[in-house]
Amino acid sequence: MAEAVSYKSIGTRPIRPDGVDKVTGRAQFGADQNLPNMLYGRVLRSPHAHAVIKSVDVSAALALEGVYAAISGADFPGPKGGALGGEGGGDVSDVAKNVMARDKALYHGHAVAAVAARSQKIAEDALALIKVEYQVLTPVLDVIAAMNEGSPLLNEKNFTKGLPEKATQPSNVASVMKLARGNVDEGFEQADVIVEGEYTIPMAHQGYIEPHACTATVNEEGKATVWCSTQGHFEFRAMTSKILDMKVSDLKFIATEIGGGFGGKTVVYLEPLAIMLSKASGRPVKMMMTREEVFRATGPTSGTVCRVKVGAKKDGTLTAAKTWMAYEAGAFAGGPIGPGAMSIYAPYRLENFHVEAYDVLVNKPKVAAYRAPGAPQSMHAMECAMDEIARKLNMDPIDLRLKNAATEGTQAPYGPKFPAIGLIECLEAAKVHPNYTSPVPAGAGRGVAVGFWFNVGMQSSAEVRINEDGTVTVMEGSPDIGGSRASMCLMAAETLGVEYQEVKAYVGDTESTGFCNVTGGSRTTFATGMAVVQACEDIIAQCKSRAAATWGVDEDQVEWEDGQAIPAPGTNADVKPLSLADIAGNAAKTGGPLLGRASLNAQGPGASFAVNLTDLAVDRETGKVDVLSFTAIQDAGTAIHPAYVEGQLQGGAAQGLGWALNEEYIYDANGVMQNAGFLDYRVPVASDLPMIDTQIIEVPNPSHPYGVRGVGETPIVAPLAAAANAIRDAIGVRVYDLPLSPPRILKALEG
Amino acid sequence: MRYEAPSTTKEAVNLLAKAKGAAYVLAGGTDLLVRMKSDLIEPDLIVDIKRIKGMCEIKKTESGFTIGACVSAAQMGEHSGLKKAWPGVVEAANLIGSDQIQGRCTVVGNLCNASPAADSVPAMIAAGAKVVIAGPNGKRTVSIDKVVTGPGKTSLKKGEVVEAITLAKPEPKTGDAYLRFIPRTEMDIAVCSAGVSMTLGAKGVVKKACVVLGAVGPTAVIVPAAAKAIIGTKLDDAALAKLTAACEKACAPIDDKRGTIEFRTEVAGVLARRAAKIAYDRAGGK
């Protein structure tokens with residue numbers, strides 16, 4: 001382990017720089033941009049889950065007084081292909097067809113036309129005047145049935161990718177992937193105990209509080225400006241350029257403040273429509289989704305079926321694991337089977353494993369990234385299986401995991417050898433945590449589970465400008481969802497050796513800062529942070545050069561310490577140290593303004609592991625679950641702003657518990673979601689949860705200058721199995737299907 | 001849409017009686033405004049009754065309580081006399097919506113909205129509440145269980161407006177209670193519910209009782225067999241088992257996103273049993 005380093009700014013907990021504007025209502029979110037002569041855009045959505053669109057006639061809508069534009073699929077250019085950036089799976093041409101249906105409506109709520117009008121009311125009235133002729137088809141709603149030969153097909157041109165031999169018949173299976181090592185049959189032969197189970201999880205939504213919204217304006221030269229709530233305005237620009245066949249330089253995207261995303265705001269929905277409507281009307285167009293539209297027509301995460309089999313020796317050593325999993329892609333390819341398959345065994349040293357994963361088209365919304373996409377579902381199955389093994393062996397569940405835990409040098413199931421990781425440290429911390437050593441409260445059960453996420457690096461840019469009074473402006477392009485501006489300021493202050501209060505960070509639009517990939521993959525503090533640190537180092541080099549020139553010494557005779565240039569030891573110069581403010585104030589005489597910059601494709605993001613503990617009480621007469629305690633222990637590498645790391649741990653626990661206990665997309669036989677609102681799509685309310693206890697473990701990531709690991713996604717992975725295992729402990733029966741809702745638990749109790 | 005805020009009940013009745021098109025009464029607005037916002041209704045006339053004298057007051061009289069149609073659930077929760085007399089009614093009213101909603105929502109609105117899952121209705125029926133209705137032909141008072149006739153439907157006639165709900169002064173040794181099931185802790189709609197009131201005679205024996213279930217039928221369900229099961233008992237386990245069975249038998253719920261027939265039926269029995277125990281305790285039974 002690396003030696004403990006003491007930092008001046010890093011590890012402190014200043015209040016967030018965007019906080020005051022947010023609590024006073026001054027902050028501008030996606031729906032807050034208003035422009036003169038602005039119109040309101042609304043979307044007509046398919047009332048059928050599966051239908052051929054025979055014709056769309058918008059003429060009556062256009063004729064309505066107050067309507068300025070109406071568009072449908074026919075108005076779009078032919079879609080261009082290309083992989084989506086960030087965490088979004090799939091292809092841009094699919095996104096184009098998701099944004100506006102062309103020849104087929106593939107889910108209830110799929111956009112089929114859009115209008116722009118003087119008021120929302122007129123726009124709504126205009127939608128009713130659009131004539132769409134549908135040929136209704138049988139919806140495909142069950143992931144297993146969808147895989148059967150003879151199932152109705154969503155796409156006649158879909159041939160399964162990833163098969164050993166090229167598929168000759170179309171099917172609903174978009175792709176299959178396999179990952180294997182060793183020999184599972186031999187592994188199971190060596191096992192003293194084997195557990196098996198089929199675990200199902202229905203589709204679930206991220207449930208961000210701010211619905212999707214944007215305002216677009218296109219000028220007479222065809223140049224578009226878009227304000228929107230996004231996790232990645234550069235990638236929104238890239239997707240829009242392909243969908244609308246526009247030059248990237250003709251598109252300017254401004255990321256507003258964002259009211260949550262969790263992966264769901266990494267793809268476009270309204271933005272290309274607003275640009276089309278603005279172009280057609282010659283006026284700015286604002287579009288805002290209702291909550292119902294968010295549920296029906298944006299990207300939730302896959303519903304899944306995971307069949308897992310795990311074998312272990314009497315001493316707990318895992319001998320083999322085999323998994324078959326099917327993920328709902330929704331209407332287009334792109335369910336997160338890759339990360340689902342690659343994460344499932346990641347916490348363990350395992351010689352023999354096999355995993356086979358299917359990405360399956362169904363008539364439901366096209367899934368999007370959701371916090372650690374794919375991992376909560378697959379790891380839920382594995383972590384429940386680990387719990388069953390511990391029970392069979394009468395072994396402490398933490399000891400079982402310690403026995404098999406991956407550590408530095410372990411070859412990850414997805415390929416590379418792990419560098420320094422903190423799984424063992426998390427397990428050891430859990431073992432002695434007071435919430436684990438205390439007795440389980442009467443009537444309750446205790447659950448343990450491990451969480452993991454790969455984390456990503458990807459591209460980031462940053463500029464650091466030293467203002468003439470020595471204050472520091474950091475400009476970068478990663479939308480701030482989890483408090484990243486504060487983290488950027490802390491890292492800049494630490495590197496430059498100045499006070500935190502002297503540094504302000506801003507998220508620039510696509511024209512005022514360099515390219516950044518999405519805020520996703522838990523990459524921002526790691527990768528954009530690395531760019532900020534490098535840009536600060538650029539500033540320091542320039543400051544040393546300016547000081548050398550001022551003092552008339554060589555550059556290597558200048559050192560940078562505590563925010564000032566000082567002569568290196570042994571340098572024969574009778575000079576006063578020069579602070580950042582001194583150098584900036586004199587910059588005109590030493591070569592002009594100080595501007596540092598860095599751009600990079602960050603490598604070595606460093607996986608983050610977690611251990612979650614929870615005590616749940618079950619009302620045996622009603623099946624109702626009360627969360628008595630929840631403890632999230634996670635390796636953060638180095639916690640730049642510990643309060644925000646704790647916030648990520650707590651937020652992930654809250655979302656994961658909601659997913660485990662109550663959240664689900666409920667469909668009727670026609671493929672119409674029955675609970676498209678927060679009343680019946682039950683995310684936890686504040687009073688449903690206790691204070692989530694957290695413990696940050698710090699095993700520094702060797703690839704980051706300050707040891708950062710991404711922390712945003714891992715927290716949602718373990719709560720599902722932790723809750724399921726706690727309920728198993730409380731009621732003595734394993735419930736294999738999520739959510740662990742009262743009717744389901746009551747049924748399990750009655751056998 | 002026309003908005004009127006008359007200062008007398010007579011004016012309100014007149015406006016409603018003469019209204020052409022869809023006319024609605026506005027008290028707290030926590031159902032009406034939401035339905036308007038969701039485009040479920042488009043009123044031609046809204047008659048706001050909050051400016052009518054007495055509508056926003058709880059009056060304590062010799063014979064009991066009169067709760068004006070615009071009294072908020074929060075006001076009920078702050079009324080110590082009402083809370084002491086009918087704790088079950090007040091706890092039911094205080095379960096509606098959130099803290100913010102509590103400041104506006106009314107039990108009369110809860111009644112007239114006619115949802116099978118209305119929280120305050122089973123509790124008020126169990127407590128024997130009466131409803132004062134003003135209309136073109138004067139005032140009438142009806143037993144509260146006669147108001148709701150089906151989901152979204154009431155027996156109120158054109159031009160009629162509910163002025164108040166009255167609750168009698170409870171007899172000595174009377175207790176009531178209300179419980180509902182939701183998967184969360186608040187901000188939800190009852191999957192099923194139960195309101196129970198009872199009066200004890202000598203030695204803790206139940207003399208009178210009323211058991212009412214919510215969200216297990218098109219309207220709140222009064223279960224005379226459940227009351228019968230506990231009358232004459234000291235609420236022993238055998239009596240509670242009979243009450244539970246009677247409640248289960250009286251359930252005719254639907255399967256929907258909030259619960260299954262099986263679950264609602266079983267849990268309604270559980271809630272009735274638990275509510276009966278609380279009511280018994282409050283009545284001074286041991």
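Residue numbering restarts at 1 for every chain, and letters A, B, ... go by the order of the sequence lines.
Annotation: the span from A:D626 atom CG to B:T185 atom OG1 amounts to 8.5 Å, rounded to 0.5 Å. Going from atom CG of B:D256 over to atom CG of A:N675 covers 10.5 Å, rounded to the nearest 0.5 Å.
With contacts defined as side-chain heavy-atom distances shorter than 4.5 Å, the pair A:L679/B:K257 does not qualify. Inter-residue side-chain proximity for A:T622 and B:R274 is flagged as met; some heavy-atom pair is nearer than 4.5 Å. Contact check for B:E266 versus A:E621: no side-chain heavy atoms found under the 4.5 Å cut-off.
Heavy atoms closer than 4.5 Å to chain B are found in the backbone of A:Y681, but not in its side chain. Of the atoms belonging to A:N662, it is side-chain heavy atoms, and not backbone ones, that fall under 4.5 Å from chain B.
Surrounding CG of B:D237 are at most 12 heavy atoms belonging to other residues, nucleotides or ligands under 6.0 Å away. Environment of NZ in A:K22: crowded, with over 12 heavy atoms of neighbouring residues, nucleotides or ligands closer than 6.0 Å.
Across B:G259, B:G269, B:P183, the residue that shares the most heavy-atom pairs under 4.5 angstrom with chain A is B:P183. Top candidate by heavy-atom pairs under 4.5 Å with chain B, chosen from A:E664, A:E750, A:E292, is A:E750. Most heavy-atom pairs under 4.5 Å with chain B, from the set A:D619, A:I666, A:T290: that is A:D619. Heavy-atom pairs under 4.5 Å with chain A peak, among B:E262, B:R264, B:E186, at B:E186.
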Run B:V267 and A:L746 through side-chain contact (heavy atoms from CB on, under 4.5 Å) and show every step you take. CA-CA 10 Å; B:V267 174; A:L746 199 57; 3.9 Å; yes

Does the side-chain contact (heavy atoms from CB on, under 4.5 Å) test come out yes or no for A:L661 and B:R184, once each step is laid out? CA-CA 10 Å; A:L661 299 177; B:R184 286 191 287 218; over 6 Å; no

Might you work through the side-chain contact (heavy atoms from CB on, under 4.5 Å) test for B:R258 and A:R682, ending with a clear yes or no? CA-CA 10 Å; B:R258 295 190 186 131; A:R682 291 188 169 91; 3.9 Å; yes

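Among all heavy-atom pairs drawn from B:F263 and A:P743, the shortest one is CD1-CA, 3.4 Å.
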